[in-house]
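Each remark here refers to the structure printed beneath this line.
In what follows, every heavy atom counts, from backbone to side chain, and hydrogens, waters and symmetry copies are set aside. Residue numbers start from 1 in every chain, and the chains themselves are labelled A, B, ... in the order their sequence lines are given, proteins ahead of strands.
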There are 2 protein chains.
Amino acid sequence: MADNYHHGNLRQALIDAGLKIINESGEEELSLRKVAARCGVSHAAPYAHFKDKNELIEAIMDSVTDKFMSVLENAVTDKPNADAAIIAMGREYVTFFHKNPDYFTFLFGKQGIRVHLKMNKEYKDDYPPFLLLRRLYLKHLDENGLEKTYEEQEIDLIKIWSIVHGMASIACVKGIKTSVNWKNIDERLLT
Amino acid sequence: MADNYHHGNLRQALIDAGLKIINESGEEELSLRKVAARCGVSHAAPYAHFKDKNELIEAIMDSVTDKFMSVLENAVTDKPNADAAIIAMGREYVTFFHKNPDYFTFLFGKQGIRVHLKMNKEYKDDYPPFLLLRRLYLKHLDENGLEKTYEEQEIDLIKIWSIVHGMASIACVKGIKTSVNWKNIDERLLT
DNA sequence: CTGCTATCTTTACATTGTCAAGTTACCATC
DNA sequence: GATGGTAACTTGACAATGTAAAGATAGCAG
């Protein structure tokens, strides 16, 4: 309905088109005008939904993060205990970005826009995947009857996240070739 | 000499000016024309020295990598054994990027341009910091009389580099606040 | 002195982000 | 149903940018 004006769901269409461009040709090819063209609207139409190019990018990041989270949550459910869940999550974390290296660059390339990790008191506005990891970690402590100081917990979390994220980073570096099968990582994810 | 034409050392001046801009206002502010303006030359002058904007960026990356390497090599010399050297290198690795988060984004944000890690047979064209790490790691094996298969070595190296690079990544994420003192990291760098 | 070549300038053009002003369609209210 | 308001979209414009083409300059080899 509405042949020209009032696209109906332009906002989402712009996000999807942007994501598609990133998948096809990388982030540097993403421009407001191209995205608008793909949706069949004029070059300034996006400004009705996004204040900025940055705001569109943030929306796309949210979209990718949602996809990522659903993959992670999926990998975590139905695991016997927290340890198994953490390993499964770590494996999926690396695998996800290994399968979509563009997403890694996109999410973490220009850091600071969306990714906020705060390990201390305030438990909000964190990066969702990290929230999941912390949840599993606390479950792990609980299941094994462990008691750790807040600082020890934080160090553990950083350690886990560092190695997982670092591996994802390595797995995404173009041109790297290792004998590691990024779909089978076990022995090196230990709390 | 040469008031207008023949700047004398424009290539290096462009690299330095570019680096300065990145330090002052981040990579997104870097443009060929601004760099040229800072050097007092016309906006197309850089094309006599660099084929592309990318080629200038790569030159700047090389420059940063050189700085980085000299810091690392400095941290590594005069250490009693390989283990101490590895720990020192890891600490400096994180600290360097913690002090210059812009460099981290710059070097690893758009990956694939310059950073090539190859863990297998061909020992050339690697990322210099990684070459250093491998050198120290092999020294470590030697010093402790350890013998490992090639695959085990590779896994060890990835493990070490992952955690160090991952920490650097965390330490650089804007907005993160942890109780970890990024200038004192010991217990979590073990081969 | 002559010409070659690397270096730099000028001019030009397409792409892009962004703004301002106008248009259109829908919605609530009279 | 007419009316006005507002959100969604278009058109036109501008500055910044990357880049190509053509010309100018200077130093150097012969």
Side-chain angles (χ1 to χ4, degrees), chain A residues 1-63 102 105-106 109-110 112-114, chain B residues 1-61 102 105-106 109-110 112-114:
Chain A
M1 48 222 73
D3 284 357
N4 268 345
Y5 277 74
H6 293 78
H7 177 286
N9 203 0
L10 183 57
R11 196 192 134 92
Q12 191 57 43
L14 291 167
I15 294 176
D16 294 342
L19 198 49
K20 215 173 220 166
I21 291 183
I22 291 175
N23 275 325
E24 289 168 359
S25 351
E27 188 185 357
E28 66 283 353
E29 281 301 314
L30 184 140
S31 87
L32 276 182
R33 295 171 103 109
K34 269 182 212 156
V35 169
R38 288 220 184 184
C39 296
V41 293
S42 76
H43 62 261
Y47 283 85
H49 301 275
F50 305 101
K51 167 180 147 289
D52 245 355
K53 185 186 182 184
N54 251 328
E55 230 176 69
L56 170 61
I57 290 183
E58 282 180 35
I60 300 178
M61 290 173 97
D62 284 347
S63 170
D102 280 334
T105 324
F106 178 57
K110 324 247 186 193
I113 306 186
R114 181 77 186 74
Chain B
M1 49 222 75
D3 286 356
N4 270 343
Y5 277 74
H6 294 78
H7 177 287
N9 203 0
L10 183 57
R11 196 192 134 92
Q12 191 57 44
L14 291 167
I15 293 176
D16 294 343
L19 198 50
K20 215 173 220 167
I21 291 184
I22 290 174
N23 275 325
E24 289 169 359
S25 354
E27 188 185 356
E28 67 283 352
E29 282 301 315
L30 184 140
S31 88
L32 276 181
R33 295 172 104 109
K34 267 181 215 158
V35 169
R38 288 221 185 184
C39 296
V41 294
S42 76
H43 62 260
Y47 283 86
H49 301 274
F50 305 101
K51 167 180 147 288
D52 245 355
K53 186 186 181 184
N54 250 329
E55 230 176 69
L56 170 61
I57 289 183
E58 282 179 35
I60 300 178
M61 289 172 96
D102 281 334
T105 323
F106 178 57
K110 324 246 188 195
I113 306 185
R114 181 78 186 77

Between [X] ([atom1]) and [N] ([atom2]), how many Å, whole number?
X	N	atom1	atom2	result
B:Phe50	C:dT7	CZ	P	11 Å
B:Lys53	C:dT16	NZ	C1'	12 Å
A:Tyr47	D:dA7	OH	P	19 Å
B:Leu32	D:dT19	CG	C1'	9 Å
B:Asn54	D:dT19	CG	C1'	13 Å
B:Asp52	D:dA20	CG	C1'	12 Å
A:Glu55	C:dG17	CD	C1'	14 Å
B:Gln12	C:dT7	CD	C1'	17 Å

Next item on the list: With sequence neighbours excluded, give me every side-chain hydrogen bond (donor to acceptor under 3.5 Å, both in side chains) pair touching residues 37-49 of chain B.
Entry: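 Matches after skipping sequence neighbours: B:Glu24-B:Arg38.
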
Next item on the list: Return the minimal non-hydrogen interatomic distance between B:Leu10 and B:Cys39, and the atom names on each side.
Entry: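 Heavy atoms of B:Leu10 and B:Cys39 come nearest at CD1-CB, 3.9 Å.
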
Checklist line | B:Leu30 CG to B:Asn23 CG distance, which is reported to the nearest 0.5 Å | finding: 11.0 Å

Next item on the list: Could you tell me which residues satisfy salt bridge (charged side-chain N to carboxylate O under 4.0 Å, His left out) with B:Lys20, sequence neighbours excluded, listed by chain and number?
Entry: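 Salt bridge (charged side-chain N to carboxylate O under 4.0 Å, His left out) list for B:Lys20, sorted by chain: empty.
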
Margin query: Under the rule for salt bridge (charged side-chain N to carboxylate O under 4.0 Å, His left out), what residues qualify as partners of A:Glu28, not counting sequence neighbours?
Written below: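 Residues passing salt bridge (charged side-chain N to carboxylate O under 4.0 Å, His left out) with A:Glu28: none at all.
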
Item checked: Degree of bending, the helix from C:dC1-D:dG30 to C:dC30-D:dG1 (end axes from five pairs; round to 10°) -> 0°

Item checked: Heavy-atom side-chain contact between A:Pro46 and A:Leu56 under 4.5 Å -> no

Check: Can you find a heavy atom in the side chain of B:Phe106 that is under 4.5 Å from one in the side chain of B:Ile60?
Finding: yes

Item checked: Test side chain to side chain donor-acceptor pair (under 3.5 Å) applied to A:Gln12 - qualifying residues, sequence neighbours left out ->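 Applying side chain to side chain donor-acceptor pair (under 3.5 Å) to A:Gln12 gives A:Asp16.
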
Notebook entry, point to check: Quick one: on DNA chain C, does A:Glu29 or A:Lys51 contact a more 5' nucleotide (nearest heavy atom)?
Noted result: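 In this pair, the answer is A:Glu29.
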
Pairs: protein N or O with nucleotides 11-16 of chain D N or O, under 3.5 Å:
from   : atom 1 : to      : atom 2 : distance (Å)
D:dG12 : O6     : A:His43 : NE2    : 2.7

Notebook entry, point to check: For the side chain of B:Lys53 and the backbone of B:Leu32, is there at least one donor-acceptor N/O pair under 3.5 Å apart?
Noted result: no

